[in-house]
Amino acid sequence: MHRHRAETPFLPGASRPARRRTVAAEDFEELAALVVDASVTDVLVVGDGGTWVDRGAGLERVRPHLPERRVRELAAELVARGGRHVDESTPCADVRHGDGIRVHVVLSPVAVGGTALSIRLPRPELPTLAGLERAGAFTRVPRSVVERAVEARRNVLVTGATGSGKTTVLAAMLGAVPRSERIVTVEDVAELRIDHPHVVALEARQPNAEGAGAIPLGRLVREALRMRPDRIVVGECRGAEVRELLSALNTGHDGGAGTVHANGLDDVAARLEALGALAGLGPEALARQAVSAIDLVLHLERRGGRRRVAAVGRLRTDPDGRLVVRPEDGRR
């Protein structure tokens, strides 16, 4: 198949995003034009089903329409370039390409309607708090709330639904950390792109075809504690690693952060309890750990294609010792 390369330089700090992002476009073949388009945040393909993109205003159907055989072939190639393998015995894979491009694959027939290929694309420019403010992220909660949290070395939990901008806000917040500090990040798939000179990024590793060689997030959090971090960050807590995160933030590592999926501020406590249960923590034990470890909750939402910091909260315990989130006026 004919391949082509589309690379365009990006000037960091530009007032507007470049029209094309810098990637090795030939890796994505028929999808190259969509992947290099700086306005596109997600490319979603289903074998025999069609192609969709998200440019910030919801999904829109676009060309090309690829047959199942071709989507399966391209998915396998992209996973292989990310250092993993996908086939009938291991039909699901999640890999990183370059500087934060995330490729997720589920092969048919596990994906009933056809092989599902999902590509999440970072913005060409590194996120900053000033840039997010220009984009309208701080219309309900002022930017100064986040800046004060960074300056005061508060431990922050960033929450929100899928696609609400948790990773972007977290990266922008970390970009405001003093340049004299060392940041150690731990992620399942490395997506954080931080404008800071001293970031050590750790990425979890899935088991190989024989089931060996896995390095989970919990292990990496423990390793991060030995790396003389000034700030420890867990890209997203999805399971038992919440125990290691809370433990780390309770042992003098102030100014850390993590993200958790939650559909609303009121859902954060239940979500943390569920993750704590996976780590063997009961509700009361989880509540005590979380209240001690986390100083501030920033909840994000996406409405009408716009992402913003929607609410600020504090973790507290109720009379029964269970975790609750108390909303705060973010403008104070």
Side-chain angles (χ1 to χ4, degrees), residues 9-15 17-18 21-23 38 41 96-102 120-135 137-138 141-160 164-204 217 220-221 223-237 241 244-245 248-249 252-260 293-296 298 300 307 309:
F10 172 74
L11 300 178
S15 60
R21 59 167 54 87
T22 301
V23 298
T41 61
R96 174 178 52 85
H97 280 240
D99 190 17
I101 297 176
R102 186 167 184 169
R120 174 167 288 187
L121 300 158
R123 293 292 186 185
E125 68 277 15
L126 293 178
T128 64
L129 293 177
L132 293 181
E133 186 173 47
R134 290 192 295 270
F138 298 112
V141 175
R143 168 182 161 189
S144 59
V145 168
V146 180
E147 291 175 327
R148 287 198 302 268
V150 173
E151 183 179 0
R153 298 186 60 84
R154 292 178 176 174
N155 293 330
V156 178
L157 185 67
V158 182
T159 66
S164 59
K166 297 187 295 296
T167 300
T168 300
V169 168
L170 179 56
M173 183 176 71
L174 294 170
V177 168
R179 271 26 188 177
S180 59
E181 296 185 15
R182 174 179 171 96
I183 302 169
V184 180
T185 67
V186 178
E187 296 178 87
D188 188 25
V189 175
E191 292 183 283
L192 284 168
R193 301 164 62 248
I194 304 166
D195 184 14
H196 192 281
H198 197 165
V199 178
V200 179
L202 305 181
E203 183 178 64
L217 286 182
L220 290 181
V221 172
E223 297 298 332
L225 291 172
R226 303 182 177 100
M227 299 174 67
R228 198 266 178 218
D230 289 298
R231 307 200 187 215
I232 294 178
V233 178
V234 178
E236 182 163 0
C237 286
E241 66 273 0
E244 278 76 21
L245 174 65
L249 299 183
H253 290 86
D254 296 330
T259 70
V260 166
I294 298 169
D295 301 310
L296 191 70
L298 296 178
L300 311 183
R307 300 170 177 87
V309 182

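Just the heavy atoms: all of them, side chains too, but no hydrogens, waters or symmetry mates, feed the values below. Just so you know, residue 1 is the first one in the sequence shown, and it goes up from there. Values in this document were obtained by computation on a predicted structure and should not be read as measured data.
More than 12 heavy atoms of other residues, nucleotides or ligands lie within 6.0 Å of CD in E223, so this atom counts as buried by the packing criterion.
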>> Using the rule given for side chain to side chain contact (heavy atoms under 4.5 Å, CB included), can you reason through E147 versus L129, listing the C-alpha separation, both sets of side-chain angles and the distance that settles it, and then say yes or no?
In response: CA-CA 8 Å; E147 291 175 327; L129 293 177; 3.7 Å; yes

> Given V233 and L174, is the side chain to side chain contact (heavy atoms under 4.5 Å, CB included) satisfied, shown in steps?
Replying inline: CA-CA 9 Å; V233 178; L174 294 170; 3.7 Å; yes

>> Pair V234, T259 - check side chain to side chain contact (heavy atoms under 4.5 Å, CB included), show working.
In response: CA-CA 7 Å; V234 178; T259 70; over 6 Å; no

> Could you go step by step and tell me if T168 and L132 meet the side chain to side chain contact (heavy atoms under 4.5 Å, CB included) rule?
Replying inline: CA-CA 9 Å; T168 300; L132 293 181; 3.8 Å; yes

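Remark: H196 pairs with no residue by the ring-ring contact (aromatic ring centres under 6.0 Å, His included) rule, at least two apart or across chains. Considering only residues two or more places apart in sequence or on other chains, S164 meets the side chain to side chain contact (heavy atoms under 4.5 Å, CB included) condition with K166, L300. Residues satisfying the salt bridge (Lys or Arg N to Asp or Glu O under 4.0 Å) criterion with E203, sequence neighbours excluded, are R96.
Using a distance-only test at 3.5 Å, with no hydrogens or angles considered, no donor-acceptor pair links the side chain of R154 to the main chain of R148. For N155 (side chain) and G255 (main-chain N/O), a donor-acceptor pair under 3.5 Å exists by modelled atom type. Under a 3.5 Å cut-off, the side chain of D230 and the backbone N or O of I183 do not form any donor-acceptor pair.
If you take OG1 on T41 and CZ on R123, they are separated by 6.0 Å, rounding to the nearest 0.5 Å. In this structure, C237 SG and E244 CD are separated by 9.0 Å, a value rounded to the nearest 0.5 Å. Here the CD1-OG1 distance, from I194 to T128, works out to 13.5 Å after rounding to the nearest 0.5 Å. Within the model, atoms CD1 of I294 and CG of L157 stand 4.5 Å from one another, a figure rounded to the nearest 0.5 Å. Atom CG in L220 sits 9.5 Å away from atom CE in M227 (nearest 0.5 Å). Rounding to the nearest 0.5 angstrom, the gap separating the CZ atom in R182 from the CD1 atom in I232 is 10.5 Å.
Salt bridge R153/E181: present, at least one basic N to carboxylate O contact under 4.0 Å.
Between A257 and M173, the shortest heavy-atom contact is CB-CE, 3.9 Å. When all heavy atoms of E187 and G235 are compared, the pair lying nearest together is CG-CA, 3.8 Å. Across G258 and L245, no two heavy atoms sit closer than the pair CA-CD2, 4.4 Å. The minimum heavy-atom distance between V150 and A176, with the atom names listed, is CG1-O, 3.8 Å.
V184 places none of its side-chain heavy atoms less than 4.5 Å from the side chain of R231. Side-chain contact between D188 and R102 is present, with heavy atoms from C-beta onward closer than 4.5 Å. Side chains of L225 and H253 form a contact here, defined as non-hydrogen atoms less than 4.5 Å apart. Counting heavy atoms from C-beta on, the side chains of L192 and L170 come closer than 4.5 Å. Using a 4.5 Å cut-off on side-chain heavy atoms (C-beta onward), E191 and E236 make no contact.
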